[in-house]
Amino acid sequence: MKILMVSSEAVPWAKTGGLADMVSALSISLAKLGHEVKIVIPRYYSIDRGKLKLLPGAMGTPMGCGIQEWSAVYYTDMPGTGKKNPVKVYFIDHEIFFGRDGIYGSHAESDFMDNPRRFSFFCRAVFQLCRKIEWYPDVLHAHDWPAAIAPVYLKFAERVPGGDKGFKKTISILTIHNLGYQGIYGKGNYDYMGLGWDVFYNAGFEDWSMLNMLKAGLYSADKINTVSPNYAEETKTQAGGFRLDGVLRYRNADYCGILNGIDTNVWNPAKDKHIPEPYSVKDLAGKKKAKEALQREFNLPPDQNVPVIGMVTRLTDQKGVGDLFGPTYGSAWSICRDLELQMVLLGSGEYWCESEISGLASRLSNFKAKIGYSEKISHLIEAGSDFFLMPSRYEPCGLNQMYSLIYGTLPIVRRTGGLADTVENFDEKAGTGTGFMFDYLSPSSIYDTVTWAVWTWYNRKKEIKKMQERGMTQDFSWELSAKKYVDLYESAFKTQGIKAPKALGA
Ligand code: ADP
């Protein structure tokens with residue numbers, strides 16, 4: 001199949017979260033399965049044009065109100081995809097929209113005022129790009145609200161009677177990575193999008209007199225999915241649907257969850273370059289070395305006889321930090337005061353939370369935190385901790401719990417979203433489980449579950465070892481998930497009555 005990924009982020013060029021990792025990793029895996037994959041993202045200011053090739057000629061994109069937007073297009077190959085079937089990455093270069101610091105916003109302006117224009121132009125330009133390179137995809141796969149308008153343009157402007165024949169057999173997929181972000185703006189932005197006002201209602205843009213870009217995409221894409229089966233169910237409920245649960249229930253027949261994979265070349269204790277010594281399920285000696293290195297890194301006394309609880313997280317309410325560090329230190333204060341353990345945290349985010357954490361670290365000798373972002377320290381925390389804490393309020397998929405499992409670090413998580421799909425609660429009688437779970441998010445349930453985990457660590461060494469073994473032998477590779485995406489694409493061809501193309505070399 002010819003697959004075009006439309007995204008606002010892709011590693012190694014632009015990343016604010018798991019979306020960037022997923023788009024590149026899925027593309028690489030699909031190419032390995034024999035499909036022809038291209039990615040298109042905006043050329044942000046931070047992406048060095050010097051390292052890219054330029055497609056000759058400027059590209060004009062007709063928007064609403066008779067505006068023609070001019071842009072340049074750059075391209076390159078995705079690193080590590082080889083010469084035989086490389087993933088080609090295209091960059092839409094529009095100086096006014098993308099020639100600035102920040103992807104969605106900056107410190108001065110947390111959500112750029114012209115985001116609806118920036119990303120609707122980007123989605124429209126995708127079709128011009130296909131015409132320019134004379135390459136029409138079988139599958140247009142859009143990700144999250146910034147790309148959600150692409151399926152709308154396909155359905156209402158391209159795959160229409162009298163439209164470009166190239167897109168007649170193109171099907172569209174929209175993947176939700178986080179339903180909490182929908183791209184809701186004033187209706188005044190709509191004329192610029194160049195779709196008639198009938199489409200405003202037919203495509204589902206209308207949202208209490210505002211314009212909702214994700215909602216329009218969810219109505220218009222041929223199939224929609226999210227990044228774990230359990231999150232797909234949660235988003236259909238009022239509690240987890242961010243006001244779009246009705247839309248998702250309406251699209252139920254075309255909606256599913258596919259678990260993200262992890263990059264097992266980067267996240268693998270047997271070949272991790274960021275830890276002192278590699279280790280595996282057969283020999284955990286390297287994990288002890290990592291624990292010692294972690295304790296030193298955080299200025300904690302090196303001690304193998306005390307459990308270490310690690311956290312690597314964005315400090316936002318989604319991650320449950322309100323209950324963990326909320327008004328005057330939340331449950332973290334009691335956990336560290338009452339229990340014989342050490343706790344380390346790496347993260348950045350909301351100011352109130354950063355300052356609560358700094359206050360806590362100054363009052364407790366067994367709690368240490370680094371505010372910031374560090375790839376190296378995040379690997380060290382995954383390898384050197386005994387437990388990894390993720391009390392998320394909601395979690396579309398979550399990567400850290402999967403990293404923890406294969407690093408032999410037992411996750412302590414709330415039973416929500418992808419966490420519920422990947423972690424199994426410890427059951428001492430049945431001798432099963434890979435982590436410790438709780439249902440309701442509150443300071444006391446975090447406290448109780450951490451206490452349970454720490455008690456087990458001190459008193460049930462054998463059980464802990466067995467749990468580690470079960471976690472470390474799980475398969476979270478992308479290969480499995482990429483095949484599920486191929487099935488999803490095929491089902492979209494079926495519902496659209498289009499004959500699915502055969503995979504290259506498959
Ligand atoms: P989300 O995308 O909601 O932030 P995920 O668990 O899906 O959560 O992915 C977050 C990714 O970002 C993980 O790979 C995690 O290790 C990484 N990460 C988050 N905060 C930091 C940080 N401060 N330093 C290093 N890595 C971080």
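Along the sequence shown, residues carry numbers from 1. In each ligand, atom 1 is the first atom listed, and ligand 1 is the first ligand listed.
Annotation: Tyr181 is not in aromatic contact with Trp145 [ring centroid separation under 6.0 Å not met]. Under the 6.0 Å cut-off for aromatic ring centres, Tyr44 and Phe97 do not qualify, their centroids lying 6.0 Å or more apart. Note: His35 and Tyr489 fail the aromatic proximity criterion, with ring centroids not under 6.0 Å apart.
For the residue pair Asn230/Ser228, the side-chain donor-acceptor check at 3.5 Å is not satisfied. Between Lys287 and Thr409, the side chains place a donor N or O and an acceptor N or O closer than 3.5 Å (distance only, hydrogens not considered). Side-chain contact, Tyr447 with Asp338: a donor N or O sits under 3.5 Å from an acceptor N or O.
Given atom 10 (C) of ligand 1, the protein heavy atom at minimum distance is Asn400 ND2, 4.3 Å. For atom 4 (O) of ligand 1, the nearest protein heavy atom (residue, atom name, distance) is Arg314 NE, 2.7 Å. Protein heavy atom nearest atom 2 (O) of ligand 1, with residue, atom name and distance: Gly18 N, 3.2 Å. Among protein heavy atoms, the minimum distance from atom 12 (O) of ligand 1 is reached at Tyr373 OH, 4.4 Å. For atom 5 (P) of ligand 1, the closest non-hydrogen atom of the protein is Leu399 N, 3.7 Å. Scanning the protein heavy atoms around atom 23 (N) of ligand 1, the nearest turns out to be Gly372 O, 2.7 Å. The single protein non-hydrogen atom nearest to atom 8 (O) of ligand 1 is Lys319 NZ, 3.1 Å, given as residue, atom name and distance. In this structure, atom 24 (N) of ligand 1 lies nearest to the protein heavy atom Ser374 N, 3.1 Å.
Listed by number with element, the atoms of ligand 1 under 4.0 angstrom from any heavy atom of Leu346 are 23 (N), 24 (N), 25 (C). Of all the atoms in ligand 1, the ones that sit under 4.0 Å from a non-hydrogen atom of Gly347 are 23 (N). Less than 4.0 angstrom separates some heavy atom of Tyr403 from each of these atoms of ligand 1: 14 (O).
Taking the ring centre of Tyr90 as origin, the terminal cationic atom of Lys38 falls outside the region bounded by 6.0 Å and 45° from the ring axis.
When heavy-atom distances to ligand 1 are checked against a 4.0 Å cut-off, Val312 comes that close only through its side chain, counted from C-beta outward.
Ile406 is linked by a side chain to side chain contact (heavy atoms under 4.5 Å, CB included) to Ile262, Phe476, counting only residues two or more places apart in sequence or in another chain.
Taking 4.0 Å as the cut-off, Gly398 counts as a neighbour of ligand 1 on heavy-atom distance.
Salt bridge annotation for Asp254-Arg251: present, with a cationic side-chain nitrogen under 4.0 angstrom from a carboxylate oxygen.
Distance screen at 4.0 Å: atom 21 (C) of ligand 1 has a protein heavy-atom neighbour inside the cut-off.
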